[in-house]
Amino acid sequence: MSAVEETTREESADEAAFREKARTWLRDNAPTSAVAGTQGVAADPNEATDAVTAAKQFQAKLFDAGLAGLTWPQEYGGQGLTSRHRRIFEEEASPYPLPTGIFIIGFGMCGPTVLEHGTEEQKNRYIAPMLRGDEIWCQLFSEPGAGSDVAGLQARAVETEDGWLLNGQKVWTSGAHYCDYGLVIARTDPDQPKHRGITMFIVDMNAEGVTTRPLRQITGESHFNEVFFEDVHIPRENLVGEVNDGWRCAITTLMNERVSIGSSGGDGDPIEPYVKLLRSRGLEDDPVARDEVASLYVRQRVQRYLGMRLNESLRMGTAPGPLGSVAKLHGSIISQVSSQMGVDLVGLDAVAWEDDEQGADRWAQAVLQSPGSVIAGGTSDIQRNIIGERVLGLPKEPQVDRDLPFRELTVGTQR
Amino acid sequence: MSAVEETTREESADEAAFREKARTWLRDNAPTSAVAGTQGVAADPNEATDAVTAAKQFQAKLFDAGLAGLTWPQEYGGQGLTSRHRRIFEEEASPYPLPTGIFIIGFGMCGPTVLEHGTEEQKNRYIAPMLRGDEIWCQLFSEPGAGSDVAGLQARAVETEDGWLLNGQKVWTSGAHYCDYGLVIARTDPDQPKHRGITMFIVDMNAEGVTTRPLRQITGESHFNEVFFEDVHIPRENLVGEVNDGWRCAITTLMNERVSIGSSGGDGDPIEPYVKLLRSRGLEDDPVARDEVASLYVRQRVQRYLGMRLNESLRMGTAPGPLGSVAKLHGSIISQVSSQMGVDLVGLDAVAWEDDEQGADRWAQAVLQSPGSVIAGGTSDIQRNIIGERVLGLPKEPQVDRDLPFRELTVGTQR
Amino acid sequence: MSRQIFTPSPEHEEFRTSVRRFAEANATSDIVRDLMERDDGYDAAVWSQMSQQLGLQGLHVPEEHGGSGFGFAELAIVFEELGRTLLPSPYLATAALGVNAILNAATPDQQARLLPRIATGEEIATLAYAEALDGTDGCTVEAKAADGGHVLSGHSRHVLDGANADLIVVPARVDGELGLFAVEGSASGLTRTPMRGVDLTRRQARIDLDGVAAERLGEGDAAAALRTTLDQAAVCLSAEMVGGAQVCLETAVQYSKDRYQFGRPIGSFQAVKHRCADMLVDVECARSAVLYAAWAVEERPEELDTVAPLTKAFASEAYVSCANKNIYVLGGIGYTWEHDAHLYLRRATASRALLGAPAQQRSRLAAQLLDA
Amino acid sequence: MSRQIFTPSPEHEEFRTSVRRFAEANATSDIVRDLMERDDGYDAAVWSQMSQQLGLQGLHVPEEHGGSGFGFAELAIVFEELGRTLLPSPYLATAALGVNAILNAATPDQQARLLPRIATGEEIATLAYAEALDGTDGCTVEAKAADGGHVLSGHSRHVLDGANADLIVVPARVDGELGLFAVEGSASGLTRTPMRGVDLTRRQARIDLDGVAAERLGEGDAAAALRTTLDQAAVCLSAEMVGGAQVCLETAVQYSKDRYQFGRPIGSFQAVKHRCADMLVDVECARSAVLYAAWAVEERPEELDTVAPLTKAFASEAYVSCANKNIYVLGGIGYTWEHDAHLYLRRATASRALLGAPAQQRSRLAAQLLDA
């Protein structure tokens with residue numbers, strides 16, 4: 001990322017010192033080869049245990065060295081530094097395969113939400129252990145019956161003497177099986193319109209009545225869970241924000257999600273596998289294949305500049321505007337184009353292989369993964385609605401569900 | 001169209017005799033080279049007069065020979081034959097550039113509508129002169145403020161003692177400047193919901209208060225008109241169908257339009273210009289260009305089979321179902337792909353040329369025409385709505401305009 | 001033969017109904033998922049019923065060889081219906097590749113000897129075509145005369161149902177030309193190694209031949225017979241792809257009527273509605289090409305060289321597109337292993353590559369257009 | 001120079017505002033339509049004001065040669081703003097081609113002599129590049145030494161504003177290498193024939209040279225200088241295309257708010273809304289590339305060879321796509337001559353072909369990726 005370094009060459013002495021500190025610490029402590037299952041957002045549950053232990057150990061060292069939660073407030077365990085410091089750390093860390101993937105949901109979504117909407121007690125209790133990796137967090141918003149209409153959720157929390165009783169099902173939860181805490185939203189008043197009867201809670205994932213089950217994706221892998229809540233007791237102090245005002249808190253979480261999807265990705269040069277593919281198939285002089293690879297390269301580079309622009313605006317503290325949605329939409333185009341190109345270039349050998357052909361299934365797996373890029377983290381249709389309505393100011397469709405009590409709505413495929 | 005001939009090889013004696021009659025007559029009477037401006041749906045108004053005269057003369061001969069209005073009822077001047085006879089005539093006529101383009105709107109849309117919804121007097125008065133080419137017809141539905149929402153029309157017809165007084169503007173009218181009669185729809189009761197206050201009339205295009213103005217398209221050509229009605233008197237006997245029931249009549253006309261767009265086109269082999277282009281640019285061995293031309297060829301051939309299928313189902317008397325909309329949508333994909341391909345293959349020479357380069361502008365003109373294929377005759381969005389709702393049975397959107405009185409609706413860009 | 005190209009006769013409709021009933025009963029999601037975990041990947045009992053109840057294996061085998069003597073219009077119906085259900089069976093290998101190879105290349109005597117066992121469902125047949133896709137260029141198997149017959153050596157990959165086949169037609173080089181050879185599945189010197197693949201409902205195998213005894217089908221160069229066989233099979237596969245794409249469309253449409261979001265069935269949103277409409281455009285375009293192609297195989301054989309590649313190219317793109325769009329419409333549930341949507345994407349992805357991918361088909365068309 | 005790549009400084013925003021004000025005032029639809037009917041195709045008075053009021057012609061001419069000494073970040077702003085309005089002017093020819101050719105190839109003395117007249121707006125410059133797009137291969141003009149200078153013979157087509165230019169930089173073969181030569185617009189032996197084209201707001205011409213006296217710019221082979229010039233110009237043109245695409249987006253958005261059908265503004269329909277969103281994706285992706293490219297021209301010149309072609313390729317596709325989508329959103333009114341929508345489609349179509357069409361750019365990128 002030489003271009004980004006360029007923009008930071010006029011560093012303050014403080015920043016330069018920080019860079020030096022980060023560089024030295026990483027050199028002495030960071031792993032140089034990846035630990036299986038610790039880099040992605042979610043690990044395969046079957047091989048997760050060792051990976052989680054390794055990740056927690058590393059994160060604790062990082063925290064103890066004063067290199068975790070760089071921009072988070074000092075009073076809760078963060079370092080109180082600027083986003084420029086965070087950027088410097090990311091630059092220095094980029095050569096190392098840090099085993100921090102399982103903390104992304106906590107740091108990118110749950111933490112910021114607790115910091116913005118949580119009570120003083122909650123911040124004191126949860127933020128430091130989260131940063132130290134002692135406690136891992138997940139997010140529990142999606143439900144089978146809601147989908148793109150996140151606020152159409154049906155999980156119920158009924159108030160009791162000392163808190164709430166939670167029942168319902170969540171889905172597409174990353175890492176639920178190794179997480180300690182989760183941010184959950186549930187319906188607390190079905191007589192209100194759907195956005196207004198929702199409340200956010202912190203839920204103990206080890207509490208009685210919580211069951212997690214791996215969800216098998218179409219690739220055959222399991223990167224997500226279903227989570228079932230059966231009469232799970234949530235103590236009163238775990239309420240985040242106000243009762244029936246959880247949708248506002250959820251927006252904070254989701255905005256952070258979009259930014260982190262849009263600005264992520266792009267380590268290494270993503271055209272490299274295709275260049276190698278052409279060479280290995282003897283297609284490096286095939287003009288049609290050359291044109292296709294160059295087409296993909298154009299989109300990949302443009303996506304990279306888009307990501308740099310998004311990061312720059314985050315660094316500058318200006319709102320990234322529509323760029324998160326733009327990057328997500330363009331990213332899913334790239335995913336579709338590149339995955340189809342892979343199997344097409346390889347031909348029959350991409351769709352069937354012998355047992356001893358290492359990695360021969362990669363092109364087919366990419367085709368199977370590709371629809372996920374259009375669905376996960378807000379479908380492409382939803383991104384286009386966001387751009388159309390919030391960015392371009394186009395009028396909303398006639399809304400039939402804004403003001404009706406939730407209990408009168410049809411949701412999911414219920415009848 | 002050898003494949004189609006195949007399906008007709010088992011002809012009855014009567015059909016064989018008709019084929020012989022048509023073949024002989026055409027050999028003796030049909031022009032062998034095109035008369036400028038008489039083949040397309042609409043001629044350039046500046047060169048139209050001679051062309052119209054020539055076309056009328058030919059049509060009169062055709063009528064007098066008993067070869068016009070083949071499937072139309074004998075009592076109104078048609079021949080009362082079967083659709084198989086019409087097909088036979090079309091097959092025999094296909095080698096000749098018949099100058100009948102200016103009658104298409106009358107024969108394909110206005111005639112069928114008058115036959116279905118007109119009075120006995122109207123059929124006696126109008127059908128035979130229409131078939132003989134003595135009177136040419138146009139259709140006046142579109143308005144600037146309505147567009148895809150055809151029923152959102154604002155032209156007003158106010159009832160008088162002996163008929164109606166028509167005011168308003170129509171647009172995209174083919175051949176209005178040489179037409180004798182037109183089918184017009186106008187609003188007769190703005191207090192009714194929009195589909196219910198519309199009435200259809202036959203309008204004399206030479207009546208006082210009718211002004212036609214050529215409409216210049218983005219290609220620089222003028223294939224259509226704007227028509228202005230200013231206090232145009234419409235006699236009572238020109239009412240088609242019932243007062244305020246004109247939308248039902250209009251549907252008849254529009255259904256016939258869709259079928260005629262979908263089943264038309266495809267004379268000659270449309271890949272030929274691209275094959276010639278590759279050869280003339282020395283690109284016949286360029287693999288990327290070859291792949292692109294082959295891609296286009298695939299779509300063109302598929303479109304041809306689709307057209308054959310549509311024609312077969314019309315010939316069988318079965319409803320063509322969604323095929324008209326399918327052919328229109330696929331046709332506009334072809335238009336976009338092929339026009340862009342043309343300029344791309346030619347390069348700079350396609351976007352600028354010297355005065356003496358005959359036909360050098362054809363690729364650029366195709367690019368400019370291409371958006372028309374997505375808009376004219378019902379936009380691609382409207383076709384997708386038709387397929388989605390009427391064919392696939394998907395639910396309509398929430399409709400905000402079904403039941404409101406028309407005068408309370410916002411239409412076009414009025415405020 | 002109906003006089004119409006695109007309009008089915010009442011007999012065709014009736015035939016379609018019985019095939020559909022059979023396929024739906026024998027290829028429920030549970031059955032398919034059970035079979036796709038098994039080593040052999042198909043159900044021999046169902047294969048047998050397919051022949052005994054419906055005579056599908058012998059559908060276009062001449063009556064004198066134990067078949068029904070029907071043609072490609074009927075074959076296209078069968079493939080479309082089988083394609084709807086993903087029924088794992090060696091039908092494409094047997095009916096589209098094996099039978100057609102024998103019909104196109106074998107002598108009358110050979111046909112009389114080989115076809116009846118296939119028509120009765122006793123034998124599974126296939127063709128080892130992958131290396132021979134571009135005429136003879138890629139063919140890696142060599143044949144040598146021996147003992148009044150031939151022996152073959154070499155290997156071939158991506159043989160459809162090659163591990164289960166009783167009869168494998170193998171293209172091989174012999175005396176400077178291409179021959180087609182019948183190899184018994186149980187022949188000595190033949191090693192068959194199942195391959196794994198993205199399509200869990202249709203298997204491929206690698207075969208290694210080490211001096212395997214084989215019978216040459218017909219005489220003289222068989223390149224044209226091979227080409228015709230592959231084109232005919234491509235038409236069959238295209239019909240199958242139309243059936244699969246149609247189910248993807250139906251699944252998406254049904255779900256978008258049933259599923260509510262934002263207080264409305266999602267099919268009332270234009271984004272979803274228009275996506276379904278685009279699927280229908282793909283399906284009906286592909287279907288038009290398939291119906292024309294199935295007619296042309298018999299009535300315009302000189303067009304097969306053009307019609308087959310363009311139909312296969314279009315149908316491949318259409319199926320993959322519909323399989324993907326179905327998953328988009330389904331959303332999260334469509335991305336789970338439990339939903340069958342991915343089985344169609346898997347089938348579409350593999351079928352696109354089989355018998356010549358779109359780019360290969362286009363390259364043939366370009367040669368016809370430009371190298372004449 | 002700002003330390004940010006993508007975020008404009010307050011000075012940049014201010015500069016943008018004044019350029020926009022100037023362009024909008026001098027390129028109303030009426031003015032543009034008037035100029036596009038005229039033979040010369042531009043307004044000399046506006047050209048002059050462009051220099052006197054805003055110094056645009058000399059924007060990146062060094063201060064010692066009468067310019068302002070700014071760079072590509074500022075040029076990109078100007079081109080984007082001019083691209084918004086279709087102002088017919090020889091600015092692309094002069095600032096992107098002529099000035100850069102001189103800066104890249106000419107000696108300091110030549111620069112001191114040639115640039116001030118351009119910077120003041122007195123002279124229109126251009127580059128006859130079309131035949132030289134692939135390095136020197138296509139160059140058809142021959143230069144011969146004569147009288148201490150050179151004379152050129154040959155012809156060149158598609159010279160941007162070639163009929164109005166006072167100074168034409170012509171690539172020509174000389175002694176086995178490529179030279180860049182300055183030719184006076186009024187030189188004897190030079191014939192200039194205006195071409196007609198799809199873009200009515202930017203003219204091209206054919207030039208024929210018959211022993212025309214010319215001054216060689218710099219020494220030695222100028223192929224690299226020409227390549228750099230074309231890449232820099234491609235970045236400028238890409239910025240212009242982003243401006244045009246942005247206006248197409250804005251036009252579509254505004255219309256879809258104002259226009260009612262079925263009782264609702266059409267922008268409330270997802271088909272229209274999502275089409276507008278896709279336009280924004282195209283525009284913002286292209287803008288990201290242009291901003292990076294404008295920064296890279298000066299800060300990462302070694303990347304220009306990659307960044308320019310990919311930016312030009314992407315921006316070309318984006319502009320054509322947005323120009324078409326705008327017409328779709330507008331519907332019938334967008335298909336009329338009276339609406340400006342087609343002027344943008346015309347500009348987009350021509351700009352896509354100028355300075356290397358997307359396929360040519362991709363071919364360069366493929367060579368970098370695969371032939372290293």
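From a predicted model like this one, the values you see are computed outputs, not experimental measurements.
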Counting heavy-atom pairs under 4.5 Å with chain D, which one of B:Ala146, B:Pro144, B:Gly147, B:Gly220 comes out on top?
B:Ala146
Is chain D contacted by the side chain of B:Gln399, its backbone, both, or neither, given a heavy-atom distance below 4.5 Å?
neither
Ion pair present between D:Arg206 and B:Glu354, side-chain N to carboxylate O less than 4.0 angstrom?
yes
ring-ring contact (aromatic ring centres under 6.0 Å, His included) pairs touching residues 347-392 of chain B, sequence neighbours excluded, are B:Tyr274-B:Trp363
Could you tell me whether the side chain of B:Arg384 and the main chain of D:Ala271 form a donor-acceptor pair under 3.5 Å?
no
What's the verdict on side-chain contact (heavy atoms from CB on, under 4.5 Å) for B:Leu368 and D:Val198, showing C-alpha distance, side-chain angles and the deciding distance?
CA-CA 9 Å; B:Leu368 293 166; D:Val198 63; 4.1 Å; yes
Taking atom NZ of B:Lys396 and atom CZ of D:Phe262, what is their separation to the nearest 0.5 Å?
9.0 Å
If contact means a heavy atom pair closer than 4.5 Å, which residues of residues 315-322 of chain D contact chain B?
D:Val320
Less than 4.0 Å between a side-chain N and a carboxylate O, is that true for B:Asp344 and D:Arg352?
yes
For B:Leu215 against D:Thr336, the heavy-atom pair lying closest together:
CD1-CG2, 4.2 Å
Can you list everything that forms a side-chain hydrogen bond (donor to acceptor under 3.5 Å, both in side chains) with D:His158? Sequence neighbours excluded, please.
B:Asp349, D:Gln204
Is it the side chain or the backbone of B:Ser148 that comes within 4.5 Å of chain D heavy atoms, both, or neither?
both
Heavy-atom proximity to chain D below 4.5 Å, by part of B:Pro371:
both
Please answer whether the main-chain N or O of D:Trp337 pairs with a side-chain N or O of B:Gln217 as donor and acceptor at a distance below 3.5 Å.
no
Only heavy atoms, only distances under 4.5 angstrom. Which residues in residues 279-292 of chain B are near chain D?
none
When rounded to the nearest 0.5 angstrom, what distance separates OH in D:Tyr328 from OG in B:Ser373?
6.5 Å
Specify which of D:Ala357, D:Gly332, D:Ala323, D:Pro194 makes the most heavy-atom pairs with chain B at under 4.5 Å.
D:Gly332
Less than 4.5 Å to any heavy atom of chain D: does that hold for the side chain of B:Glu357, its backbone, both, or neither?
side chain
Rounded to the nearest 0.5 Å, what separates atom CD1 in B:Ile218 from atom CD1 in D:Ile327?
4.0 Å
